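Here is the structure we will look at.
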Amino acid sequence: MEMEDSSRRRVVAGVVVLALGVAGALADGAFGWIDPAFDFVAHQFYEVPMLAAVRRPSQLVLVRWHLAIGAGLAGLGLIASRWLGREARLALAIVWVGYAIRAAASICGGNVPLVPGDSSHYLEVATSVHRGEGAVKHYVESFFNDYPPIREGRGVLDDWAPPLDAYVRAAAYRLVGVVPGEDLDATIAVAKGTSFLINLLAFPALYGLARRRFGPRVALASIGVLAILPVHAIYAAFILRESLVALTSILAVWTIAEAWNAARLRGALGWAVVAGVCGGLAILARNTGMALAGAAGLCALVRLRRRPLVIVLWLAVLVAVILPWAYATYREYGRPFYAYTNLFEYNFSWTVHHYEKGNTTPEQFYTRENAPEIARVKAKMLGIIAVYSTMIVGLPFVAGYLYRLRTGRGEPGRDVDWLSAVLFAAFVAGTIKSIADVTQVQQLGRYYLPAFLVMTPTAAAGVLAWLDRLSIDRRAFGWLASCYVALVWADPTWAYDASWFARSFQLHWPGLRAAGEWIREHPEAVPPDARVMTWFPWEMRLTSGRTTILMPRNYSAARIDEVARQYGVTHVLWGSFEPPEHVDPEVWGPYLDGVRTSLGLTQARELYRSPREVRLYPVRLYRLR
């Protein structure tokens, strides 16, 4: 009887929530109460009025959408809970909390690209795929290589990221009927919505993996950690591939674990096919998927030593999935899965590719003179990995994970325990081998996200076993969970990308967007085959639809002129610069004017100047030839 009363109360609460949602929408239509309420809350976080002004219009749209969706999900979930079991009710509640956190992140970011370069890159390549050109880009962003197709007015095969993200976003554009590039707001909105949905799909994926291998209790704890883990939640707000990388990595581990544990050979072979597809997709999402495949392969040699056919089939399917991209990059660049980021390991500063060729061979980097600095950097990386990993996932997570590895012999999910350990070791080895710039390691949250999520069920199992051993009263679990949430959210500087919520890059966006719109509206002044040199080639390609060339970032007139001649630059967008540190402003301004005039960018060649509405970071467009 008491259970029946509880079910009825949940149904009543669900109806009330839905009614309040409808009433709130009607009241907003009549009185517009959301605008002042939003401004009051937002001002508690934004201390840069100009930054708030850039994001505010789209934030208000997102607030209304997420309030409606959140209220609808909560109301319907409460009503449906009458017919659901306890496990399902808890799972839905956890997912709703996860949605609410991700909705807040989405609202904070607004409908603008948050991460300069990266976000626009994913939009550019997805647009190319949508047009039927394949995974190509129409700009020069790196001086490690020369790109002859750019001089011919053609796109060049993407040498920064594998193509899965581009094809997924292009499919999303097809699905909703939006042509990327025609309406910039709609283009960005669909791309951000795709990231948001993919981010949410990690919940059922992680729940399925944890429940199948560890049981329902660990599964609920795992998605509970996922719901509040900042390093995953923030990526629901970004046009980045991190959410897709996380999802494909979880699926790859889940399916290979099913192949290991299938009772019959036929079932194991079926799962091997699915695991091969998922493993290939993880690699096509990010090159670090190769570490996952390698770790899975090593563990499979132990788990499937009596079923070699399963290993062969899994590997064959995985290779078949990645083979087209491997061949395309080999044909274009002479190396399968080539990316110019592979050259970062030969340079102490990854930004060198923004202004010159830098080192491109091991012989240039691994020298006797560089040996002390190489040793210092590699040693420092190990410390950063240990400290940052603990900060990102929380000390209880790390302690629980290590406890489970030490005491979990014979427990369910032992195969995933060791796979996750081997995977993390592979990530560390790859970091030590492939990175020579400490600032890259400081972006650990982004790069290690797949490993952290695969480790989550093991950590959850370890924490729960530890709590059981200590015989802690279950009534204390709420307080312990609250403390854990406070711990991982205490200082968000652990996640490099989280800083973009507060950084002022978006203040450049109005000027770049206005210039791009002017270029689209004046094809007689800037024809479709023009090549525009700019400080931000990613954003200008997105806003203008023209081929763009990165302006060398060493502020050297000779180097700028050299690159302009190399790629046949026809126009230069001057402005939106990022001044170097420790430079006297009184010297910096006249120096830039000298660079501009020495390049022949005089008033007679000026085609466009930012309107007065663009109060910060105005730009000017010049005809070069």
Side-chain angles (χ1 to χ4, degrees), residues 115-118 121 140-146 158-162 231 240-242 245 283 286-292 294-295 329 333-392 423-452 493-497 499 538 550 552-554 556 559 578 580-582:
V115 181
D118 295 21
H121 176 88
V140 172
E141 61 180 336
S142 169
F143 297 123
F144 278 140
N145 302 306
D146 183 36
D158 186 10
D159 62 343
W160 187 67
V231 74
L240 296 174
R241 55 180 161 164
E242 271 53 49
V245 173
I283 294 173
R286 187 191 281 279
N287 288 2
T288 51
M290 294 181 181
L292 190 153
T329 48
Y333 298 110
R335 177 178 172 182
F337 272 82
Y338 172 83
Y340 72 74
T341 55
N342 295 334
L343 302 178
F344 288 177
E345 65 177 296
Y346 307 137
N347 295 272
F348 288 118
S349 173
W350 68 272
T351 59
V352 67
H353 75 106
H354 280 160
Y355 51 87
E356 63 182 355
K357 190 178 184 66
N359 297 332
T360 56
T361 64
E363 295 78 15
Q364 293 173 303
F365 181 68
Y366 292 104
T367 64
R368 185 183 300 275
E369 293 76 13
N370 285 345
E373 182 64 8
I374 292 173
R376 184 193 72 82
V377 168
K378 302 299 184 182
K380 185 173 182 177
M381 286 180 184
L382 289 173
I384 291 176
I385 291 171
V387 174
Y388 274 43
S389 295
T390 304
M391 293 172 67
I392 289 169
L423 174 60
F424 189 80
F427 269 63
V428 173
T431 302
I432 300 302
K433 184 262 179 189
S434 301
I435 296 179
D437 185 346
V438 172
T439 62
Q440 285 289 97
V441 189
Q442 291 172 348
Q443 301 181 40
L444 192 72
R446 174 192 286 199
Y447 300 131
Y448 277 50
L449 179 59
F452 292 145
T493 57
W494 44 255
Y496 175 84
D497 289 332
S499 64
W538 313 274
L550 173 66
R553 295 192 165 190
N554 54 6
S556 165
R559 177 63 177 149
E578 294 178 342
E581 295 184 49
H582 314 302

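No hydrogens, no waters, no symmetry mates; every other heavy atom, side chains included, goes into these values. Quick caveat, the model's predicted, so the values are computed rather than measured.
At distances below 3.5 Å, at least one donor-acceptor pair connects side-chain atoms of Gln364 with backbone N or O atoms of Thr361. Within the 3.5 Å criterion, the main-chain N or O of Phe365 finds no donor-acceptor partner in the side chain of Asn359. Judged by distance alone, the side chain of Asn347 and the main-chain N or O of Leu343 form a donor-acceptor pair under 3.5 Å. Of the possible polar contacts, one joining the Asn554 side chain to the Ser556 backbone as a donor-acceptor pair under 3.5 Å is found.
Not counting sequence neighbours, the partners of Glu578 by the salt bridge (Lys or Arg N to Asp or Glu O under 4.0 Å) test are Arg553. Qualifying ring-ring contact (aromatic ring centres under 6.0 Å, His included) partners for Tyr448, counting only residues two or more places apart in sequence or in other chains: Phe424, Phe427. Scanning for salt bridge (Lys or Arg N to Asp or Glu O under 4.0 Å) contacts around Arg335 gives an empty result, with sequence neighbours left out. Pro372 meets the side-chain contact (heavy atoms from CB on, under 4.5 Å) test with no other residue; sequence neighbours excluded. By the salt bridge (Lys or Arg N to Asp or Glu O under 4.0 Å) test, Arg446 is found to be paired with Asp118, Asp497, residues two or more places apart in sequence or in another chain being considered. Remark: Phe143 engages no residue in a ring-ring contact (aromatic ring centres under 6.0 Å, His included) (not counting sequence neighbours).
For the pair Val352 and Tyr346, the minimum side-chain heavy-atom distance is 4.5 Å or more. Here the side chains of Tyr447 and Thr288 are not in contact, with every heavy-atom distance at 4.5 Å or above. Looking at heavy atoms from C-beta onward, Val428 lies in side-chain contact with Leu382 at the 4.5 angstrom threshold. Between Asn287 and Pro162 there is a side-chain heavy-atom pair separated by less than 4.5 Å. When side chains are defined from C-beta on, Asn145 counts as touching Asp159, because their heavy atoms get closer than 4.5 Å. Residues Glu345 and Pro362 have side chains not in contact (no heavy-atom distance under 4.5 Å, counting atoms from C-beta outward).
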- salt bridge (charged side-chain N to carboxylate O under 4.0 Å, His left out) evaluation trace for Glu356 with Arg559: CA-CA 9 Å; Glu356 63 182 355; Arg559 177 63 177 149; over 6 Å; no
- Message: Walk me through whether Asn370 and Phe348 qualify under side chain to side chain contact (heavy atoms under 4.5 Å, CB included).
- Response: CA-CA 10 Å; Asn370 285 345; Phe348 288 118; 3.9 Å; yes
- Task: Quick one: do Ile385 and Thr431 satisfy side chain to side chain contact (heavy atoms under 4.5 Å, CB included)? Show the steps, please.
- Result: CA-CA 9 Å; Ile385 291 171; Thr431 302; 4.0 Å; yes
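The aromatic rings of His353 and Phe344 lie tilted to each other, with the angle between the two planes from 30° to 60°.
For the residue pair Ile374 and Tyr366, the shortest heavy atom distance occurs at CD1-CD2, 3.8 Å. Contact detail for Tyr388 and Gln442: the closest heavy-atom pair is CE2-O, 3.7 Å. Residues Met381 and Asp437 come closest through the heavy atom pair CE-N, 4.1 Å. Here the closest non-hydrogen pair linking Glu141 and Leu550 is O-CD2, 3.5 Å. Taking each heavy atom of Val438 and Val377 in turn, the nearest pair found is CG2-CG1, 3.9 Å. Looking at every heavy atom in both residues, Ile435 comes nearest to Gln440 through CG2-CB, 3.7 Å.
Rounded to the nearest 0.5 Å, atoms CH2 (Trp350) and OG1 (Thr439) are 7.0 Å apart. Taking CD1 from Ile384 and OG from Ser389, the interatomic distance works out to 10.5 Å, rounded to the nearest 0.5 Å.
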